[in-house]
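So the structure is just underneath, and the comments pick up after that.
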Amino acid sequence: MPRAIHFVVVTTGLALFMVAVVWPTIALIRGLVESPLPSPAYLQHIRPWALLGRTLLLAGGAAALSLLFSLPGAFAIGRIGRVRRAPILGVILLLPLLCPPMVYAFGWQSVLDIRAIGTEYVGASWHCILVWASWSWPIPAMLIGSGWSRKGRSAYEAALLVASPASAFLRGALPVLARYLVVAVVALFALFAGEYSVPHACGLVVYATELLGWASSSNSIGDVVLPAVPMVGTIFFLLVFVAWVGRDFQSDRDSPDEPGVDARSSRGLFALVATVTLITAVVPIGSLAGKMDSWAVLGQALDTYYVELLQSLAVALATGIGVVLLGCAVVTHRPLRVAGMILTLLYGMLPGALIGEVVVLAYRDIPIVYYEWPLVVIGLTARFAWLGVMVAWLAWSAGARELSDQARVDGASEPMVATRIRLAAHIPALAAGGVVVAVLALAEIATASLVRVPSVGLISLILIEKFHRLEDGMLAALSLWLVIPALAAAVLAGILLHPWSLPSRGDSTTGPPPVSDRAR
Amino acid sequence: MGVGLWATGCSRDNVVLYCSVDEEFARTVVTEYEKRTGRQIDVVFDSEAGKTTGLVRRIRAEGDHPRADLFWSSELINTVLLARDGLLASYTPPTLDQIPSHYRDAQGRWTAVAVRARVLAYDPERVTADALPSTWEELAEPRWASQVAMANPLFGTTRGHVAAMFALWGPQRGRAFLTGLRDHGAMVVDGNSTAARKVMGGQVAMCMTDTDDVYAARRRGFNLELRYLDMGDGGTFTTPCSVAVIQGARHPAKARQLYDYLISAEVEEQLFRSTSGNVPVRQALRSRLGAEYPPTTAVSYDAVADAMDEAVTAVREILIR
């Protein structure tokens, strides 16, 4: 049975890789060959480079703020040791991540007085940075916290002898966890730099807007690809850097079985993390209710758009699962690994509208795909495949080398080692990656605009349509309906993380019973 | 479940309509057509965020393997460009003589109906009508440019409007206009509705936008007034919706029947009465409905399409910060 599951997982992942990445890439190359040569004159002006610089600054600012928000959560995960010991902490951490970023954009718009924050551009920029950071901070929290379980505990405990817990964390543990910090910040930076939906909702012009402008005004794929090269190149090298930094996480071993502190003794820390969630997630989402004229609008929204909500959730979940399978298949397949990762990262950095267009080019002659929901899933999988590859790579890099070597000696094949040992230990992380992709797919606009089909209504496009038509009440109501599955997913995650959901055999994920700080 | 959905998906016999007209309104029209004719229409919508480009690029990508039969667009310039690239088929509908010549293609490749106008929307509590510019060109002067917001001219109706300026004024005056807007502090935002929001939020006193965005703001209770500024020849720039049959459509006969319906006086009246308030191009219908027809520039849409590349290049060089 496990072999069969392994076979299905890998085969599906490879098939998705061919369908969502390789085949559209061939269509892209064909399109480029058939297009006239683009003129490089545009890139000889200062303005696009200035716009690129401002966009990267925006992304960097959001990544930095996200890191700042994440520190209490990272500290909490690190001290407790395993999130399973504190499932409520897991729920508090997951909740911001499960709501689509666009929801935060609309929410913060109600809360912030943009005029009060410097110039118009500065105000809109802070709006965008806050939205990105509000949504994404659990990612660095979990990355840094997981790094703590490998490396940093000793430094922290040594520093604890002469400093407070917070100071020991900031000055003792964090410097040791520098690699995890770098991975977290750079990965977020890459995610934000190529994004269009949130800046658009904040009324901001970014480089992705410029690329959409090229898509609007030119018939030639080359005219869109050439301006995209500086952005694609920058983000690609950043991601290669992330992959290089994260290549050897598994070598970090520092008391992996050391029990964490008792969750009950960390109430102050929990309260701090809950406060961060309150400020970053509950405030903007809660303020959406104020945009509705009455609660009856919620009922109207559901009545009118329940089909599109369900369809969008289904497509998003399929995309999240597909992307993770694709990433695992590429990373675990040794002959394909390097080339597959490079291709997926490069392809994923293209503008969303261009990705959508090449998917259309690739499948226009295949009616069974072209007019049906697979086109949407393929388009969104193509858009986010790079995330699946990155998550799978980081999980694979953190896998148990000694155990893998032992398994090989015992006759296990390489794919079996990769999937059943190196990746299997990180199923929660892979699942979390899939969830993040599903949430992003739910809010995707640029690619989704190109791959629409008659039978599937996409809620992201309806949301942005309401935004542009100034129908703020309906916009708020639909956004709140997107929060409900997020809440349900967070509660489900909490239930799954709860100790009574664990198997009854001795389980290495829980380790020895926790002890409180006072007992140390 | 997915396979089930797949199996019950679109029939290959249905007319496929690519539509960038407001989805809520378009669904009503299409549903009515389906009821009357007993035919099902498969509709692929575009979104405001895609600025109509999504469907236009899709039509181009499909090329000589079209999947759509009909294109119903919320604007005209992209339709003109598609026609020039041989992607639209010629068709002469029976009611064409009701449509002024300005709103139909000489070769029958598209028909335009239901216009909305480019206007200067303003907050009457911050600026009075007599303090407003009279022409679009004056807007670039320091006393007004610093108080105005405009949508990104790389997209949508603003792109067409700027191209019309270049077509009428020539490239030199067009570039001077953009330079003036930039140098005197005009705010460039990502969309007409965002520009209207800036006025509603008090960040600026006025904005360049379309009539339907003003109506949307009024429905929200904001007191937004509008003025038709002169392009320099006595009228403002207007943007009609357009309908066209795709070249190589798989269901041309059915597509033409839907075409006839979409350009009909009945649908024009529905568009007028809808939230967008588009004005009919039919004189008799306007009179019956009491619709105010904005003074319109004489620049042809073909001339606007001719000036598009130059205008977009200038916008990229001068205006986009």
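Each chain gets a letter, A, B and so on, in the order the sequences are listed, and its residues count up from 1. Please read these numbers as outputs of a predicted model, since none were measured by experiment.
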Any side-chain to backbone donor/acceptor pair from A:R364 onto B:A61? Under 3.5 Å, distance only.
yes

Mind listing the closest non-hydrogen atom pair of B:D46 and A:S449 along with its distance?
OD1-CB, 4.5 Å

Do B:V16 and A:Y371 come close enough that some side-chain heavy atom pair is under 4.5 Å?
yes

For the residue pair B:R58 and A:Y370, would you count it as a cation-pi contact if the rule is NZ or CZ under 6.0 angstrom from the ring centre and within 45 degrees of the ring axis?
yes

Would a 4.5 Å heavy-atom cut-off, applied to side chains only, mark A:V453 and B:V44 as touching?
no

Identified side chain to side chain contact (heavy atoms under 4.5 Å, CB included) counterpart of B:R57 within the set A:L354, A:V360, A:V224:
A:V224

Rounded to the nearest 0.5 Å, the CD1 atom of A:I462 sits from the CZ atom of B:F45 at a distance of 10.0 Å

Tell me every residue that passes side chain to side chain contact (heavy atoms under 4.5 Å, CB included) with B:T179, counting only those two or more places apart in sequence or in another chain.
B:R182, B:D183, B:I318

Chain B contact via A:V358 - side chain, backbone, both or neither, heavy atoms under 4.5 Å
neither

If you tally heavy-atom pairs under 4.5 Å against chain A, which of B:M308, B:R67, B:E24 wins?
B:R67

Applying ring-ring contact (aromatic ring centres under 6.0 Å, His included), can you list everything that pairs with B:Y18, at least two apart in sequence or on another chain?
none

Nearest 0.5 Å, please: how far is CG in B:D213 from NE2 in A:H468?
10.0 Å

Most chain A-contacting option - heavy-atom pairs closer than 4.5 Å, from B:V204, B:T275, B:L17, B:D22
B:D22

Is any side-chain heavy atom of A:L470 less than 4.5 Å from a side-chain heavy atom of B:S193?
yes

Nearest heavy-atom approach of A:D365 to B:H65 is OD1-CD2, 2.8 Å

Is there a side-chain contact between B:D212 and A:R469 in this structure, where contact means two heavy atoms from C-beta onward sitting under 4.5 Å apart?
yes

Under a 4.5 Å cut-off applied to non-hydrogen side-chain atoms, are B:T194 and A:F467 in contact?
yes

When only pairs under 4.5 Å are counted, which of B:M200, B:R219, B:R220 shares the most heavy-atom pairs with chain A?
B:R220

Honestly, the part of B:A217 sitting under 4.5 Å from a heavy atom of chain A is both

